[in-house]
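One structure is given here, and the rest of the page talks about it.
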Amino acid sequence: MLELLHDVPLAPRTTLGLGGAARCLVEARDEGTLVEALAWAEAAGLPVLVLGGGSNVVVADGGFDGLVVQVALRGVTPTVGAGGVALRVAAGEPWDALVAQAVDEGWAGLECLSGIPGLAGATPIQNVGAYGQEVAEVITAVHVWDRRAGARRVLSPAECRFGYRDSALKRDPDGAVVLALDLALRPGGAPTLRYAELAQAFEGGATPSLRQVRDRVLSLRRSKSMVVDPADPDSRSAGSFFTNPVVEAAVADAVVEQALREGLVERAAAVPRYPADGGRVKLAAAWLIEAAGFRKGQRRGAVGISSRHALALVHHGGGRTRELLGLAEEIRAGVHARFGVELRLEPVVVGHHRAGA
Ligand SMILES: Cc1cc2nc3c(=O)[nH]c(=O)nc-3n(C[C@H](O)[C@H](O)[C@H](O)COP(=O)(O)OP(=O)(O)OC[C@H]3O[C@@H](n4cnc5c(N)ncnc54)[C@H](O)[C@@H]3O)c2cc1C
């Protein structure tokens, strides 16, 4: 028998603490409940929102007029073999506890992904990444419930079509529910030190341990309010609100020329730009936002830009989702007007926006 909760406030189930209620919600602690809940919603003609830790969703003030399936499947099963360790991780496992466990065991591959909030099942959705690692690098399979076929499926990394903060799963939110991940980690492996800010911290010394790298990542993240901490008001966010735009090289060159012409930078190298696939260039959204005249710590009523990170929008309490989305739109339009570059939202916006709600 399905235990349905009705009219459930969603704000407390998100890191932003914003948004209205769900018409109904089921906590799925086992696969049977999850499948039964999906069938119930389909029979009732209701849309479904799969919710993990709520750290990458923006819920509309009008709430979600459908069924929220809160994923609570648990279990971590390691298999140690000659070539490495294979980990089967259930979708409801808290992500950072898993990273901590891997680091404690001496299994390399996740250390730079320390401190990312949320649950394991959401990590392939936007191919989470930070400090030089992406989860796609260690995923060998994603076990899903295929909602259209009504069956379990195992997706290969190629089928997941991982990209920068993107995957086939993200592009088809009603297609599948992630049940578990298979990860391949490297026992005794060296940490990944690709990210300049992280590598610099260990320059000139011996190769750091996985734990030293994790600790350093956590302290860098704390300095930018990128670790959820009830004592830090700047961490009441959804992390980065915009992805870094990937543009044609000519567009990036034009941004650099404009920045030099307008005296925003003294040297071309001061505009952050990184090579991306197909000869394209990844620009830094945070740099564009500040160069377009927005400031860290700037507020619009109950919402604002984090005082420590121009990419994070923060809810200071008592606010509404429409205020947050209004600020996001102001930033998007401001960057576009100044540089002709389109910023895209990183979090998923769910629910409906009733007029005046
Ligand atoms: C302070 C802070 C820092 C952050 N830092 C980073 C960072 O460094 N790098 C980064 O990539 N992200 C970062 N994020 C974003 C976020 O933490 C990640 O995207 C995380 O993986 C989301 O997990 P979640 O369980 O909270 O997902 P939710 O927010 O609950 O869901 C996100 C999306 O995934 C879908 N989803 C969730 N679980 C499942 C499932 N089992 N099956 C199918 N769909 C599912 C949801 O429907 C939704 O569309 C940060 C967020 C915060 C608040």
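Here the CG atom belonging to L49 is positioned 14.5 Å from the CZ atom belonging to R23, to the nearest 0.5 angstrom. Between L343 atom CG and F241 atom CZ the span is 11.5 Å, to the nearest 0.5 Å.
The cluster map of Ile, Leu, Val, Met, Phe, Trp and Tyr, joined by side-chain heavy atoms under 4.5 Å apart, puts V128 and V213 in different clusters. In the hydrophobic clustering of ILVMFWY residues, with side-chain heavy atoms under 4.5 Å counting as a link, L119 and L16 come out apart. If you chain together hydrophobic residues whose side chains sit under 4.5 Å apart, F64 and V50 never meet in one group. I289 and M226 are members of different hydrophobic clusters when ILVMFWY side chains are connected at heavy-atom separations under 4.5 Å.
For the pair D253/R273, a side-chain contact is recorded, criterion being any heavy-atom separation below 4.5 Å from C-beta on. Between R74 and E93 the shortest side-chain heavy-atom distance falls below 4.5 Å. Contact check for L288 versus L283: side-chain heavy atoms found under the 4.5 Å cut-off. By the 4.5 Å heavy-atom criterion applied to side chains, F202 and R216 are counted as neighbours.
Counting only distance, with no hydrogens or angles, the side chain of R299 and the backbone of G301 share a donor-acceptor pair below 3.5 Å. No side-chain donor-acceptor contact under 3.5 Å links T192 to the backbone of R194. Formation of a donor-acceptor pair under 3.5 Å by the Q258 side chain with backbone atoms of F339 is not found in this model. Of the possible polar contacts, one joining the N127 side chain to the G163 backbone as a donor-acceptor pair under 3.5 Å is found. Looking only at distances, no side-chain donor or acceptor of R322 sits under 3.5 Å from a matching main-chain atom of G326. Side-chain atoms of E27 never come within 3.5 Å of backbone atoms of L5 as a donor-acceptor pair (strictly under, hydrogens ignored). W107 places no side-chain N or O within 3.5 Å of a backbone atom of V99 that could act as its donor or acceptor partner. Remark: side-chain polar atoms of S167 are paired, donor with acceptor, to backbone N or O of L169 under 3.5 angstrom.
Atom CZ of R171 has more than 12 heavy atoms from other residues, nucleotides or ligands within 6.0 Å. Counting heavy-atom neighbours within 6.0 Å of E262 CD, excluding the residue itself, gives a total above 12. Within 6.0 Å of CD in E197 there are more than 12 heavy atoms belonging to other residues, nucleotides or ligands. For E342, the CD atom counts as densely surrounded, since its 6.0 Å shell holds more than 12 non-hydrogen atoms of other residues, nucleotides or ligands.
Aromatic ring pairs are classed by plane angle as parallel below 30°, tilted from 30° to 60° and perpendicular above 60°; the pair Y195 and Y131 is perpendicular.
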* Asked: How far apart are the C-alpha atoms of T33 and E36, what are their side-chain angles, what is the distance that settles it, and do they pass the side chain to side chain donor-acceptor pair (under 3.5 Å) test?
  -> CA-CA 5 Å; T33 305; E36 194 184 341; 5.4 Å; no
* **CA sep, side-chain torsions, deciding dist, call: T243, E346, side chain to side chain donor-acceptor pair (under 3.5 Å)** => CA-CA 5 Å; T243 54; E346 186 185 299; over 6 Å; no
* Asked: Please walk me through it: do S225 and D232 pass side chain to side chain donor-acceptor pair (under 3.5 Å)?
  -> CA-CA 7 Å; S225 298; D232 176 1; 2.8 Å; yes
* To do: For T321 and D61, run side chain to side chain donor-acceptor pair (under 3.5 Å): C-alpha distance rounded to whole Å, both residues' side-chain angles, the deciding distance at 0.1 Å, then the answer.
  => CA-CA 6 Å; T321 300; D61 294 315; 3.3 Å; yes
Tabulate below the donor-acceptor pairs under 3.5 Å that side-chain atoms of residues 79-86 make, not counting sequence neighbours, or state none.
none

Would you be so kind as to tabulate the donor-acceptor pairs closer than 3.5 Å made by side chains of residues 173-185, with sequence neighbours excluded?
unit_1, atom_1, unit_2, atom_2, d
D182, OD1, R88, NE, 2.4
D182, OD1, H143, NE2, 3.3
D182, OD2, R88, NH2, 3.3
D182, OD2, H143, NE2, 3.0

